[in-house]
Number of protein chains: 2
Amino acid sequence: MLGMTLRVFKTRMMTECKKKDIELSLEQFVILNMLNANCDLIQQDLANHLQKDKSIIVRQIDGLIEDQYVVRLTNKEDKRKKNLILTKKGFERLNEMERIASEVSKKLLTGVSDSELEIFKDVLVKIQENGELEEEAI
Amino acid sequence: MLGMTLRVFKTRMMTECKKKDIELSLEQFVILNMLNANCDLIQQDLANHLQKDKSIIVRQIDGLIEDQYVVRLTNKEDKRKKNLILTKKGFERLNEMERIASEVSKKLLTGVSDSELEIFKDVLVKIQENGELEEEAI
DNA sequence: ACATATTGGTTGCACAAGTCAACTAATTCG
DNA sequence: CGAATTAGTTGACTTGTGCAACCAATATGT
């Protein structure tokens with residue numbers, strides 16, 4: 001059920017994006033969101049938060065840089081780290097995507113009350129937390 | 001959030017399956033489930049229900065046949081259609097997977113009450129229904 | 001302080017999943 | 001009958017992902 005629901009949201013989002021000639025993937029949208037919320041994030045942080053291999057992050061960021069949504073700069077204090085900074089273009093694209101995302105969400109959540117939505121989100125968070133606890137146990 | 005939660009469930013499931021040398025993908029598990037619930041399903045039905053291209057279904061079924069979990073038979077009334085029948089081996093594997101899935105679900109849902117889980121499932125269903133309604137409108 | 005371990009990033013390889021288009025065979029419909 | 005539709009199959013291609021090897025920079029232990 002989770003998979004089908006995610007697919008519904010994903011395809012609806014992507015068709016809306018194609019209409020407006022936006023070529024970003026959902027994952028890249030998520031990354032832009034995180035970079036906007038916290039500009040100190042490095043690639044390893046993104047990999048940890050998104051629970052993906054760091055190589056995937058590298059390539060998705062490569063794509064974002066190619067489209068000039070993001071700049072990659074070596075951290076001055078620790079030259080291993082790379083800081084990721086949203087460009088103006090990236091910020092505008094993010095706002096566009098957020099508008100589309102909230103429209104799509106509103107449509108897909110018709111008939112769902114605020115309290116139900118809150119519980120829904122709580123359960124999603126709890127599942128993720130339980131998953132992380134399990135990981136540590138291993 | 002949906003994506004991250006699905007990933008948590010998927011990876012947890014797959015690591016549990018690897019422990020027991022089960023090589024089935026989650027999608028193949030879902031297909032086995034559907035075939036078990038309704039033995040009249042043809043490949044096109046699976047594609048419609050899972051909202052995937054029929055070519056994906058063909059290949060996933062090919063894999064299931066290779067592992068002797070399923071048999072593909074031409075329908076006698078309509079020779080275009082192929083009936084998909086679970087073998088004994090497939091049925092046993094399905095039961096194994098279901099046991100693993102319910103264990104993983106139980107662990108990931110600790111701290112979630114029955115009523116919260118009900119609402120959670122309701123919202124997932126509603127999102128899917130809203131998605132289908134939108135599609136028809138197009 | 002120096003050797004070793006760890007961390008962050010990058011690249012190559014491999015594989016599964018998904019999309020798209022073309023094609024065959026069987027059936028339906030005008 | 002002939003055209004359109006349906007079910008299935010195949011091939012080429014893209015994307016997402018995971019794994020392993022590797023380099024450079026930093027941290028750690030004795």
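First the proteins, then the strands, lettered A, B, ... as listed; each starts at 1. The structure presented is a predicted model; accordingly, all values stated were derived computationally and were not measured. Note: hydrogens, waters and symmetry copies are ignored here, and every other heavy atom, side chains too, is used.
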Would A/M1 end up clustered with B/L46 when hydrophobic side chains under 4.5 Å apart are linked, directly or stepwise?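 In one cluster: yes.
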| Boundaries of the chain B footprint along DNA chain C (any atom under 4.0 Å from a heavy atom) |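 Range of nucleotides within reach of chain B: C/dA17 to C/dT27.
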**Q.** Any residue of residues 57-70 of chain A with a heavy atom less than 4.0 Å from an atom of DNA chain C
**A.**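 Going residue by residue through residues 57-70 of chain A, the ones with a heavy atom under 4.0 Å of DNA chain C turn out to be A/V58, A/R59.
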inquiry  = Tell me whether B/R7 contacts the main-chain N or O of A/L50 through its side chain, where contact means a donor paired with an acceptor under 3.5 Å.
reply    =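 Yes, B/R7 side chain to A/L50 backbone: donor-acceptor pair under 3.5 Å.
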key: Side-chain donor or acceptor of B/K126 paired with backbone N/O of A/G111 under 3.5 Å   =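 It does hold such a pair.
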Less than 4.0 angstrom from a charged side-chain N to a carboxylate O is my criterion; do A/E16 and A/K19 meet it?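 Counted as a salt bridge, because a side-chain N and a carboxylate O are separated by less than 4.0 Å.
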**OP:** Check which hydrophobic residues are tied to A/V58 through side-chain heavy-atom contacts below 4.5 Å, counting indirect links as well, and list them.
**Re:**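 When side chains under 4.5 Å apart are linked, A/V58 ends up in no cluster with other residues.
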Quick one: on DNA chain C, does A/R7 or A/D53 contact a more 5' nucleotide (nearest heavy atom)?
->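 With A/R7 and A/D53 compared, the 5'-side residue is A/D53.
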For a 4.5 angstrom cut-off between non-hydrogen side-chain atoms, does A/L41 reach A/L84?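 With C-beta onward as the side chain, the pair stays apart.
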**Prompt:** With a 4.5 Å heavy-atom cut-off, do A/F120 and B/D122 have their side chains touching?
**Reply:**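 No, too far: nothing below the 4.5 Å cut-off.
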Verdict with reasoning, B/N33 to B/M97, per side-chain contact (heavy atoms from CB on, under 4.5 Å) = CA-CA 10 Å; B/N33 246 306; B/M97 290 277 282; over 6 Å; no
| query | Which residues in residues 41-49 of chain B have at least one heavy atom lying under 4.0 Å from any atom of DNA chain D? | reply |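 Residues of residues 41-49 of chain B under 4.0 Å from DNA chain D: B/I42, B/Q43, B/Q44.
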* To do: Using a 4.0 Å heavy-atom cut-off across all strands, classify A/S25 as base, sugar-phosphate, or nothing.
  =>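 Sugar-phosphate: the residue A/S25, judged by heavy atoms under 4.0 Å, touches backbone atoms but no base.
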ask   = Considering heavy-atom distances to DNA chain D, does A/K76 or A/I56 have its closest nucleotide positioned more toward the 5' end?
value =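 Of the two residues, A/I56 wins.
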| message | Under the criterion side-chain contact (heavy atoms from CB on, under 4.5 Å), I'd like the reasoning laid out for A/D45 against A/N38: C-alpha separation, chi angles, the key distance, then a yes or no. | response | CA-CA 11 Å; A/D45 295 332; A/N38 182 354; over 6 Å; no
_Distance check, rounded to the nearest 0.5 Å: B/I100 atom CD1 versus B/C17 atom SG?_
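Rounded to the nearest 0.5 Å, the CD1-SG separation comes out at 4.5 Å.
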*NZ of B/K89: more than 12 outside heavy atoms within 6.0 angstrom?*
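Atom NZ in B/K89 is crowded, with more than 12 foreign heavy atoms closer than 6.0 Å.
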Report, one line per pair, each donor and acceptor closer than 3.5 Å where one atom sits in a side chain of residues 60-70 of chain B; sequence neighbours left out.
from: B/D62; atom 1: OD1; to: B/R72; atom 2: NH2; distance (Å): 2.4
from: B/Y69; atom 1: OH; to: B/E23; atom 2: OE2; distance (Å): 3.0
from: B/Y69; atom 1: OH; to: B/R93; atom 2: NH1; distance (Å): 2.9

Worksheet entry | Steps toward side-chain contact (heavy atoms from CB on, under 4.5 Å) verdict (B/L108, B/F9) | CA-CA 8 Å; B/L108 291 180; B/F9 180 73; 3.8 Å; yes
Table of protein N/O atoms under 3.5 Å from nucleotides 21-25 of chain D N/O atoms:
none

